[in-house]
Amino acid sequence: EDQQDAVVTDKNGMELKVGSLVRVARETKAFQVPPKGHGKYNDNKEFVPVPTDAPRAEKNLVLPVGMRGVVTKIYDSSALSANFPVQVKFSPGENVEEGYDPPLPFVMHFDLAEIEGV
């Protein structure tokens, strides 16, 4: 069960709660995004889609360090063993201060080593 008032602390000691702005702190891959979101960012921070005939191993979205999203849920780790207790929503055109604009809206679960408060 999630708790709307739950608070966790990131690796820098910043408290995170529902509504907190966070950034990806370690490049990671999102496999649950729809095919139009499969791809990665180039050196100019532009999204580059993966070709439709790409190998299955490339059919994901590579989240770069600095991509930002908003915490939407924190799972109570004492109530269950949540490996990825923080749910973050990424939305196109929102929180793009570091230059990475998500190709589509999606939600992803993170562990505390993968994100940090902004």
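What you see is a predicted model, and the numbers here were worked out from it, not measured in a lab. Along the sequence shown, the residues carry numbers beginning at 1.
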Exercise. Side chain to side chain contact (heavy atoms under 4.5 Å, CB included) between Q87 and Y75: does it pass, once the steps are laid out?
Worked result: CA-CA 8 Å; Q87 179 179 291; Y75 292 90; 3.5 Å; yes

(request) Tell me, with the steps shown, if V71 and F110 meet side chain to side chain contact (heavy atoms under 4.5 Å, CB included). (result) CA-CA 10 Å; V71 175; F110 292 89; over 6 Å; no

Discussion item. For R68 and V96: C-alpha separation, side-chain torsions, deciding distance, then whether side chain to side chain contact (heavy atoms under 4.5 Å, CB included) applies.
Written reply: CA-CA 7 Å; R68 295 182 179 196; V96 295; over 6 Å; no

task: Evaluate the side chain to side chain contact (heavy atoms under 4.5 Å, CB included) criterion for residues H109 and V88: first the C-alpha distance (whole Å), next the side-chain angles of each, then the deciding distance (0.1 Å), finally the verdict.
output: CA-CA 6 Å; H109 294 84; V88 177; over 6 Å; no

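Between F84 and E114, the closest side-chain pair of non-hydrogen atoms falls below 4.5 Å. For the pair L16 and T9, the minimum side-chain heavy-atom distance is 4.5 Å or more. No side-chain heavy atom of P103 sits less than 4.5 Å from a side-chain heavy atom of K36. Two residues are said to be in side-chain contact when any heavy atoms from C-beta on lie closer than 4.5 Å; M108 and T28 meet this criterion. In this structure, the side chains of P34 and L104 come closer than 4.5 Å at one or more pairs of heavy atoms. No side-chain heavy atom of R23 sits under 4.5 Å from any side-chain heavy atom of M67. Under the 4.5 Å side-chain criterion, counting only non-hydrogen atoms from C-beta, N95 is in contact with V70.
Minimum interatomic distance between V22 and V118 (heavy atoms only, all atoms of both residues): C-CG2, 3.8 Å. Taking every heavy atom of both residues into account, A113 and A25 meet most closely at O-CB, 4.3 Å. Of all heavy-atom pairs spanning Y100 and V65, the tightest one is CE1-O, 3.4 Å. The shortest heavy-atom contact between R26 and D111 is NH2-OD2, 3.9 Å.
Counting heavy atoms of neighbouring residues, nucleotides and ligands inside a 6.0 Å radius, atom CD of E15 does not exceed 12 of them. No more than 12 heavy atoms of other residues, nucleotides or ligands lie within 6.0 Å of NZ in K40, so this atom counts as exposed by the packing criterion.
When atom types are taken as modelled, the side chain of N44 and the backbone of E46 share no donor-acceptor pair closer than 3.5 angstrom. Of the possible polar contacts, one joining the D101 side chain to the G93 backbone as a donor-acceptor pair under 3.5 Å is found. A side-chain donor-acceptor contact under 3.5 Å links Q32 to the backbone of V107.
Taken from CD in E116 to CG in L21, the straight-line distance is 11.0 Å, to the nearest 0.5 Å.
With ring centers used as reference points, Y41 lies under 6.0 Å from F47.
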